[in-house]
Amino acid sequence: MKDEPKQATPSTPNSAPTFARRQFLGNVVAGSAAGVVAATTGAAAAAADSTQDAKKPSALPPSLRGIANESGEVPDMGRVGGVAGSDFMVDVIKTLDIKYTPTNCASSFRAIHESLIDYGQNTAPEYISCMHEESGVAMAHGYFKIAGKPLMTICHGTVGLMHATMGIYNAWCDRVPVIIVGGNDTDSAYRPPMVPTYHAAQDINAIVRDYTKWDDAPVSLQHFANSFVRAYKVAMTPPYGPVAISLDLGLQQEPVHKKGGVLPSIPRYIPSSPPQGDSGAVREAARLLVQAQNPLIIADRCARTPKGIELLIQLAELLQVQVVDQGSRMNFPRTHYLSTSAQAVGQADVILGLELSDFWGTVNTYTDNGEYEGVGTQSSKLQPQAKLISINSADLITKANYQDFQKFQVIDVQMPADAEATLPALIEAVRQALTPDKKDVIAKRAERAKKAFAADFAKTQAAAAVAWNASPISTARLVMETFNAIKHLDWSLVASEGNVSNWPNRLWPMEKAHHWIGRSGGFGVGYGAPASVGAALANRDLGRFSVSIQSDGDLMYAPGVLWTAAHHKIPLLSVMHNNRGWHQELMHVQRMADFRNRRVNLGQDMGPIGTSIQNPDIQYHELAKSMGWWAKGPITRPEDLGPALKEAVEVVKSGHPALLNVWTQPR
Amino acid sequence: MLILNRSISPSKALLRNKKPAIRSYVACLSASILLLFSTQNALAASAEKGRENFMKNGCWQCHGTWGQGGSAGLKLAPNPKPLAYISAFIRNSNGPMPPYTTKVLSEEDLGDIYAFLQSIPASPDPKTIPLLNDLK
């Protein structure tokens, strides 16, 4: 496939080859070699200076090597005849209708970058400029949960992929497809020394293999075409998940040519059908549900699509079974009288778990109280004879290292299958198993559920009213003032990070798939801001209004995504839950001190040393303004919040992002 | 076998079953003893100092700066439970709430905190708050 280089002699392994593909890199080799010498000289000179002059400046002047790196002219690259390999790669990518590529630019994928924006005319995918690879992945994560279509994000060799890892882990745990494409200059014989070599690896995808569904490192353009289409297919077959394809820099830059007289071709993408539960297991599950006195459905990632919500309503109403929506997706309308809370677990005699992230945690309690040799109290919530049914596609992709599969739970009927795809068969099996004598039992369950729903909602309203006029502003007030400002719009809550006591799910009338898109999956902090921007990008194209409840700690992991939103005119209302701390950790340290019978050291802050974000307080509104957002704050009085929201909503409706920095209660 | 696998080891389960009874006894005993002291403390207590102690000792972290509660902690105010009950609970807690001994939180400081909780005015009636009712 590759052009045959003129052989470098063994005694001069670093000699620059003269073939076109590597001509530019050869020049860089020569430049870098000179740079090494200069660097040594520069460092030595700096060291000598430091011993002679005690009054050294706080910032030393750059070394000669640094100057060369920053200002050196890019050598002319020899023209490569024919079609560039990366142009062919763009042809492959375009067959899959990937709309955007949120990416932080880097040299290891310069060739495909250029092909995407010039040859590909910067459409499908359109390049979205990101300031951090983790932001690129999280944007794709949030985007998918609105659009239902994956994005591709490109990462620099080694360091870029390392930046991306936490975002990839979140996507893995949240069962979201993201196409990770990574640059890598594989060929050590011709790779430039120094920086490009630091950014190359023998098996570059090893770092993400434990939390991706599949990865590959193609060595020919045909290999790339096959693997890219396969990667897309693997990512989009439930259970969804991220995939990684590394792009050799040489492969990107070399021209397309025939192999055996044939040009590389692009395989067609035909979606795979999702895995459905075994018919015998489905019948047994239906039998148990029909025979149960007090069945319960618990859904976490059940509704992959809006159709999943409809199917779950059908099943619940058929048996008048209450539903607990754990909220990793919008599974069941919060306004439906069969919607209930997790407390129902203790009364159930049959529990149907649909795509639960943690079945053990659903039916057991864990109390972090230092009991039992320090591990804490664990106990079952279940009735002694309760039967458990599980439909979970994640059972099909269990890996060993990272523990996202959670604690082991014995299940009576376990289907490693996609819940949404299995629901039609289960609904039909329930219909067949229902006998007329069940009619009264089912009707009584409906009456009980309606009364319980009304009583629970009244209790929730009463709880929200407590500290309604408090300053800092209560999280209930924050959430309901926000809802009041957007309720007349086609709204979409694209992230609610930072634990606002779950008020949106308890009080907002969430009914549609885009009303709630779940959480990060892996609980890796830093997901909220970029995932919101990604989801808002998808909502922008659908004409919807995006709102996020944005926590302070989450935003500061990679605030550069604010600039991305402004630069690409992505409208988003970001209402900050600024409790001025990493509050979960703040409580953990306080607990440790209490258990050890010690007064916790607060230093000069409100919370234990190391857990507060104050002194100085971050002016998030100024930060946002500096990156092109309309912003206001800090808002500390509840009466000021409504008017500020009104202004912000108008800004967002005009197509721009807006942020309100609101000082809030801790939870 | 099925049941065992679903829960913790039998010996731990046995211990766990005995725990609530022991805990209740300790709580009741403590409540009786503390009632006398607590009542005396409450007489001289300062809501202002109590507010400071509430913040300084981390109560606000789970219960909110006005004791309103939330996902991490129960509501304490307005209308706090009797001081004796609260005293018994925080000195002996073995659940999600960590225990506060007198070494960390003196009786006097606790009395002040209670005065602060008592000083918190009643919440508005949720029916009078349009934002909690006009949800369409």
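Since we're looking at a predicted model, the values are computed, not measured. Lettering follows sequence order; numbering is per chain, from 1.
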Less than 4.5 Å to any heavy atom of chain B: does that hold for the side chain of [X], its backbone, both, or neither?
X	answer
A:Q584	neither
A:E373	neither
A:L602	side chain
A:T475	neither

Side chains of A:S474 and B:Q68: any donor to acceptor distance under 3.5 Å? no
In terms of heavy-atom pairs under 4.5 Å with chain B, which of A:M592, A:K407, A:M587, A:H488 leads?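 The residue among A:M592, A:K407, A:M587, A:H488 with the greatest pair count is A:M587.
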Chain B contacts, top residue of A:W508, A:F595, A:W468 (heavy-atom pairs, under 4.5 Å): A:W468
Over 12 non-hydrogen atoms of neighbours within 6.0 angstrom of NZ in A:K487: yes
Over 12 non-hydrogen atoms of neighbours within 6.0 angstrom of CD in B:E48: no
Contacting moiety of [X], where chain A heavy atoms sit under 4.5 Å:
X	answer
B:A77	backbone
B:K136	both
B:K75	side chain
B:L131	both

Closest approach of [X] and [Y], non-hydrogen atoms and distance?
X	Y	value
B:Q61	A:P608	NE2-CD, 3.8 Å
B:P98	A:D594	CG-OD2, 3.3 Å
A:A465	B:S123	O-CB, 3.8 Å
B:P126	A:A462	CG-CA, 3.7 Å
B:P96	A:T367	N-CG2, 3.6 Å

Donor-acceptor contact below 3.5 Å, side chain A:N369 vs main chain B:N94: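 Judged by distance alone, yes, a pair lies under 3.5 Å.
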Tell me if a side-chain donor or acceptor on B:T101 pairs with a main-chain N or O of A:N597 at a distance below 3.5 Å. no
Between B:D109 and A:R599 (salt bridge meaning N to carboxylate O under 4.0 Å), is one present in this structure?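 Between A:R599 and B:D109 there is a salt bridge, with a charged N closer than 4.0 Å to a carboxylate O.
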